[in-house]
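Let me begin by presenting the structure, written as structure tokens, before commenting on it.
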Amino acid sequence: MTLDSSPISGRSIDALLAKYAESHLNPANERIHFICVPAIVFALLGLIWAIHPLLAAAVVLAALLYYFSLSPPFAIGMLLMSGTMLAVLHALPPGLVLPLSIAMFVVAWIGQFVGHNIEGKKPSFFEDVRFLLVGPLFVLGFLYRRLGIAY
């Protein structure tokens, strides 16, 4: 796995999404990602929340800064999504956050690897770690296109 900080040719967000899409062409894999990517984001925030809620908020803020550099409309969507996730974590009984997050994290990653097995291609983040942050935008992009929202 590499951390490739070089820009991908073209408008960065479009190029990143196109590159990510190369290993997400199978409709079954796409459907799995639509479920598992948000579940992984929620579970990861839950794991961090279990350490300290302010740390989870700081991680969201850092991710939002990256998303804003790629696309302000995507950053707004991710703000709404991550804000909702943090609100749900806040509403959960504290003793439930960690076990629920661990279970969701494991099950969702199993789903991701099943999807990539169906696809016949390895996950994008094996080539470039940035794709761990692009995955949620790939899912959000489908919603934006359906709603006619430009990103």
Side-chain angles (χ1 to χ4, degrees), residues 1-5 11-17 19-21 23-24 27-119 122-151:
M1 178 174 9
T2 63
L3 177 55
D4 182 5
S5 62
R11 183 175 154 218
S12 185
I13 186 59
D14 294 327
L16 285 167
L17 289 172
K19 186 71 175 166
Y20 187 89
S23 61
H24 302 86
N29 187 30
E30 285 183 350
R31 284 190 296 275
I32 289 169
H33 275 64
F34 295 157
I35 295 166
C36 291
V37 168
I40 289 169
V41 172
F42 180 82
L44 182 59
L45 287 176
L47 293 170
I48 298 167
W49 182 278
I51 296 168
H52 198 283
L54 289 178
L55 182 57
V59 167
V60 166
L61 180 60
L64 289 172
L65 291 172
Y66 175 68
Y67 291 140
F68 188 78
S69 75
L70 293 175
S71 161
F74 267 150
I76 292 167
M78 292 304 297
L79 172 63
L80 294 172
M81 185 182 81
S82 56
T84 300
M85 290 179 176
L86 291 175
V88 169
L89 289 167
H90 178 72
L92 287 173
L96 183 61
V97 171
L98 185 59
L100 176 65
S101 298
I102 290 170
M104 283 182 72
F105 193 80
V106 170
V107 170
W109 273 110
I110 290 170
Q112 292 285 84
F113 284 105
V114 166
H116 280 286
N117 186 51
I118 292 167
E119 181 84 41
K122 63 185 175 182
S124 303
F125 71 87
F126 283 169
E127 295 298 321
D128 187 337
V129 74
R130 288 182 295 179
F131 288 114
L132 289 170
L133 289 168
V134 173
L137 300 181
F138 178 75
V139 173
L140 190 57
F142 276 91
L143 176 64
Y144 275 29
R145 285 188 295 280
R146 239 180 221 212
L147 297 175
I149 300 172
Y151 55 83

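Atom set for the values below is all heavy atoms of this structure, side chains included, hydrogens, waters and symmetry mates excluded.
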> What residues form a ring-ring contact (aromatic ring centres under 6.0 Å, His included) with Phe138, not counting sequence neighbours?
Replying inline: Tyr20, His24, Phe142
> What are the two closest non-hydrogen atoms of Val139 and Pro38, and how far apart are they?
Replying inline: CG1-CG, 4.4 Å
With a 3.5 Å cut-off and sequence neighbours excluded, list the donor-acceptor pairs that the side chains of residues 84-106 form with protein atoms.
unit_1: Thr84; atom_1: OG1; unit_2: Leu80; atom_2: O; d: 2.8
unit_1: Ser101; atom_1: OG; unit_2: Val97; atom_2: O; d: 2.7

> Are the side chains of His116 and Ser23 in touch, meaning some heavy atoms are under 4.5 Å apart?
Replying inline: yes
> Can you name the side chain to side chain donor-acceptor pair (under 3.5 Å) partners of Ser82, sequence neighbours left out?
Replying inline: none
>> Please evaluate residues Met81 and Leu140 with respect to the criterion side-chain contact (heavy atoms from CB on, under 4.5 Å), reporting the C-alpha separation (whole Å), side-chain torsions for both, the decisive distance (0.1 Å), and the verdict.
In response: CA-CA 9 Å; Met81 185 182 81; Leu140 190 57; 5.9 Å; no
>> Checking Arg145 now: which residues fulfil side chain to side chain donor-acceptor pair (under 3.5 Å) with it, not counting sequence neighbours?
In response: Tyr151
> Rounded to the nearest 0.5 Å, what separation is found between the CG atom of Leu132 and the CD1 atom of Ile40?
Replying inline: 9.0 Å
Would you list the atom pairs, donor with acceptor, under 3.5 Å between side chains in residues 48-70 and any protein atom, with sequence neighbours excluded?
unit_1: His52; atom_1: ND1; unit_2: Leu54; atom_2: N; d: 3.0
unit_1: Tyr67; atom_1: OH; unit_2: Leu133; atom_2: O; d: 2.8
unit_1: Ser69; atom_1: OG; unit_2: Tyr66; atom_2: O; d: 2.6

>> Just to verify, what does Ile149 make a side chain to side chain contact (heavy atoms under 4.5 Å, CB included) with, not counting sequence neighbours?
In response: Tyr144, Leu147
>> Looking at every heavy atom in both Pro73 and Ala150, which two are closest together, and how far apart are they?
In response: CB-O, 3.5 Å
>> Please report the interatomic distance CZ(Phe113) to CD1(Ile118), rounded to the nearest 0.5 Å.
In response: 13.5 Å
> Measuring from Gln112:CD to Ile32:CD1, what's the distance to the nearest 0.5 Å?
Replying inline: 8.0 Å
